[in-house]
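Take a look at the structure below.
We name chains A, B, ... by the order of the sequence lines, and we start the count at 1 in each one. Reckoned from all heavy atoms, side chains included, excluding hydrogens, waters and symmetry mates.
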2 protein chains.
Amino acid sequence: MRPTVNDIARAAGVSLATVDRVLNARPGVRKVTIERVNKAIEELGYVRDLSAANLARRRTYRFVFVLTEGDSQFQHALRETIEEVAQNAARERMAVETVLVPPGDPHHLARVLHGLEDDRAEGVAIMAPETPHVRDAIRHLKENGIAVVSLVSDLPNTDQDHFVGIDSIAAGRTAGVLMRRFLCKNKGKVLVLSNTMILRESVERRLGFDAALIESYPEIEVLPSIEWRDDPDRLERNVRAAFASYDDIIGVYVTGSGNRLFSRVLAPYRQDHDLVYIAHELTEHTRAGLADGSIDVVITQDIGHVVRSTLRVLRAKVDKTEIDAAQERIRIDIVLRENMG
Amino acid sequence: MRPTVNDIARAAGVSLATVDRVLNARPGVRKVTIERVNKAIEELGYVRDLSAANLARRRTYRFVFVLTEGDSQFQHALRETIEEVAQNAARERMAVETVLVPPGDPHHLARVLHGLEDDRAEGVAIMAPETPHVRDAIRHLKENGIAVVSLVSDLPNTDQDHFVGIDSIAAGRTAGVLMRRFLCKNKGKVLVLSNTMILRESVERRLGFDAALIESYPEIEVLPSIEWRDDPDRLERNVRAAFASYDDIIGVYVTGSGNRLFSRVLAPYRQDHDLVYIAHELTEHTRAGLADGSIDVVITQDIGHVVRSTLRVLRAKVDKTEIDAAQERIRIDIVLRENMG
DNA sequence: TTTTTTTTGAGTGACGTACCTCAAAAACTT
DNA sequence: AAGTTTTTGAGGTACGTCACTCAAAAAAAA
């Protein structure tokens with residue numbers, strides 16, 4: 001049987017009240033007594049029964065996801081997953097809320113974050129680009145004792161507690177090495193498509209991709225990234241231009257969203273070109289692409305895992321308990337048609 | 001605030017005791033009353049507070065892992081992981097025990113399983129080959145109300161509640177398709193190595209591998225599996241014979257354990273042969289192989305995930321609650337040096 | 001209708017922890 | 001040594017559920 005507070009009290013030769021004062025850092029206990037209690041805790045290997053504790057303090061963890069709006073399939077899937085996971089999380093005394101902020105408006109985002117300080121949340125999960133305003137807002141949150149984690153998109157230069165997601169450079173490298181192998185020593189050019197290179201992930205993926213591909217395979221030329229910035233016409237124009245300029249395009253790499261659109265634009269060229277198509281993020285569309293063979297590989301991360309992990313990490317931070325690194329590590333998943341499941 | 005039993009009692013116009021009788025399926029309640037209570041539960045959306053319930057009934061889940069002995073790196077890693085996870089599981093009122101049985105002795109295994117019936121365990125997790133004795137023992141366990149799940153190695157024709165692991169045919173198919181792509185239209189032979197074809201996984205992996213490889217790539221000949229049955233000499237002999245007979249071996253596929261040994265035996269041939277090496281299970285050794293480039297791909301499953309999932313599923317079965325399919329799905333992981341992490 | 005059986009209500013004491021009060025004891029000041 | 005302050009103890013109530021008892025009420029059987 002696990003030791004209880006009563007066992008600690010007996011072992012330390014003090015009363016229950018004193019043990020309680022020590023455990024919950026309440027004032028009015030001498031240093032010597034505190035040490036005596038801590039020694040007993042140590043010796044008996046006492047660990048507080050968190051579910052009993054949460055029951056007693058009638059606690060519900062209040063967590064908020066702050067996401068930038070956007071209607072890419074990835075964003076949809078993310079929001080949906082949060083919704084689903086939140087349902088189950090409720091059973092474990094967690095109230096999860098989602099707040100959407102317009103993209104490209106750091107002030108708005110910062111205002112939202114500030115608004116969370118006065119006891120709307122005990123923990124905040126953020127997916128947004130890093131800007132000075134955000135850095136500032138995160139510092140404030142932390143100063144108010146609110147746990148902060150970023151998901152999918154890292155915020156490395158902030159006071160955040162944790163990042164839940166994958167290393168984008170490694171993800172790009174993985175894409176690069178698969179491109180190299182799937183190209184089979186053929187010579188030619190690789191098209192890279194990105195909605196915007198403002199997001200750190202896009203840049204880092206491209207970085208890793210180039211490193212893995214060019215380094216060991218100089219016969220390949222990786223073309224400059226085509227950025228389409230939410231403008232379908234620009235995408236179409238640029239892709240058309242690329243195929244007009246080069247007739248030896250043998251691979252395409254899409255570093256972020258836009259697969260749906262891109263696939264359509266690409267279709268007419270696929271008859272003449274034997275293309276290796278590598279994309280990121282497993283969504284409805286990339287899934288279909290894998291199934292019908294139009295996409296060869298998808299590099300992704302398990303969104304469900306990301307969301308669940310985010311909540312576990314937030315709770316651990318709030319409770320000041322250890323996190324299980326092995327469980328919280330997000331893997332870079334390589335998905336082919338065969339292991340799509 | 002979540003509704004409590006008291007709210008249900010009030011809403012249904014009955015006493016607490018009656019609600020309790022209904023909730024815990026105790027006798028002495030009329031059908032009409034049961035329905036009234038259930039209606040109230042439905043309407044208020046009541047869900048039993050499991051942590052309060054477990055606290056009250058002073059419950060600790062007793063789970064037993066039954067594994068066949070063996071000193072492959074995979075088995076070691078599995079046992080170690082169970083050990084680790086069990087530590088954390090203790091905080092959630094789960095007492096996890098591991099029982100090892102000698103391989104190839106179905107009677108012993110069956111006896112062990114029978115021994116678990118009389119209240120040693122509420123749930124049993126099994127990794128062992130399926131035999132009539134095992135089927136029988138599992139049926140008995142189930143009849144005694146004990147939850148049974150298999151892990152890693154499926155037991156499809158038994159009364160088990162659940163299987164935690166990957167589809168071996170799909171895993172083999174994944175290996176096959178990667179072999180095909182990495183071979184880059186070269187012609188030649190592929191060596192397949194397996195400790196034993198007695199285990200269903202080995203057979204299924206091979207099946208999937210052949211299907212993916214041969215079907216779309218008939219220029220390749222996949223050689224008959226070399227079985228070494230825990231005999232290093234036999235492995236060495238057979239590998240040597242294979243390389244003596246064929247000078248166009250361009251790929252090797254190891255369907256299970258033996259990578260450590262095989263790598264050593266293979267080493268001298270690697271200078272003359274440009275080989276694609278695909279293996280299963282990410283262990284210390286295959287990890288090192290990926291790192292130094294001697295292994296190209298490892299197909300694996302996250303052992304930590306498997307073990308944690310096993311415990312969650314067992315608990316869900318015992319509690320008769322839903323399992324979160326998305327969370328419990330074990331993925332077929334493709335591991336390259338770049339995404340090893 | 002009376003008797004028997006079944007169903008229901010009211011209540012109690014756990015489980016392990018939190019959080020509170022009030023009085024007593026111990027530790028300090030002067 | 002007296003007073004003051006700090007520290008400690010004893011006790012209670014609560015959280016939401018379980019598991020039980022005993023008596024009362026309702027339903028079914030005679």
Does anyone know the first and last nucleotide of DNA chain D in reach of chain B, 5' to 3', at under 4.0 angstrom to a heavy atom?
-> D:dG16 to D:dA27
Distance from B:Ile332 atom CD1 to B:Asp302 atom CG, nearest 0.5 Å?
-> 13.5 Å
Starting at CZ of B:Arg91, measure out to OG1 of A:Thr321 and round the result to the nearest 0.5 Å.
-> 8.5 Å
Given C:dG9, is OP1 or OP2 found less than 4.0 Å from the side-chain N or O atoms of B:Ser15?
-> yes
Go through the structure and list residues passing side-chain contact (heavy atoms from CB on, under 4.5 Å) with A:Asn38, not counting sequence neighbours.
-> A:Val22, A:Ile34, A:Ile41
Tell me, which of residues 316-324 of chain B have any heavy atom that sits under 4.0 Å from an atom in DNA chain D?
-> none
Interatomic distance where CZ belongs to A:Arg57 and C1' belongs to C:dA18 [whole Å] = 7 Å
Backbone N/O of B:Val64 and side chain of B:Glu97: donor-acceptor pair under 3.5 Å = no
Measure the distance from CG on A:Leu55 to P on C:dA18 and round it to the nearest whole Å.
-> 11 Å
Residues from residues 34-53 of chain A sitting under 4.0 Å of DNA chain D, heavy atoms only?
-> none
Nearest whole angstrom, please: distance from the P of C:dG16 to the CD1 of A:Ile8.
-> 13 Å
For A:Leu155 and A:Gln160, which heavy atoms make the closest approach, and how far apart are they?
-> O-NE2, 3.1 Å
Rounded distance (Å) that lies between atom C1' of C:dT17 and atom CG of A:Leu16 = 9 Å
Could B:Arg135 and B:Asp159 be called an ion pair, given the rule that one side-chain N must be under 4.0 Å from one carboxylate O?
-> no
Roughly, in whole Å, what's the span from CG in A:Asp7 to C1' in C:dT17?
-> 13 Å
What orientation do B:His133 and B:His107 show, parallel under 30°, tilted 30 to 60°, or perpendicular over 60°?
-> tilted
Taking everything shown except B:Glu284 itself, do over 12 heavy atoms lie less than 6.0 Å from its CD?
-> no
Under 4.0 angstrom between B:Arg30 side-chain N/O and C:dT6 OP1 or OP2 = no
Under the side-chain contact (heavy atoms from CB on, under 4.5 Å) rule, collect the residues that match up with A:Arg2, sequence neighbours excluded.
-> A:Val47, A:Asp49
Closest-nucleotide ordering on DNA chain D, the 5'-leading residue of A:Arg21 and B:Ala56 = A:Arg21
Starting from C1' on C:dG9, measure out to CZ on B:Arg10 and report it in whole angstrom.
-> 16 Å
From CZ of A:Arg93 across to P of C:dT17 the rounded distance in Å is 15 Å
Worked verdict on B:Gln327 versus A:Asn88 for side chain to side chain donor-acceptor pair (under 3.5 Å) = CA-CA 11 Å; B:Gln327 184 173 13; A:Asn88 299 313; over 6 Å; no
Residue pairs passing the side chain to side chain donor-acceptor pair (under 3.5 Å) test where at least one lies in residues 308-319 of chain B, sequence neighbours excluded = B:Tyr61-B:Asp319, B:Glu92-B:Arg315, B:Ser309-B:Glu328, B:Arg312-B:Glu328
By nearest nucleotide on DNA chain C, pick out whichever of A:Arg2 and B:Ala17 is the more 5' one.
-> B:Ala17
Taking all heavy atoms of B:Val96 and all of B:Leu311, pick out the closest pair and write down the distance.
-> CG2-CD2, 3.9 Å
Sugar-phosphate, base or nothing in reach of A:Asn54, heavy atoms under 4.0 Å = nothing
Mind calculating the distance between CG (A:Leu23) and C1' (C:dT17) to the nearest angstrom?
-> 9 Å
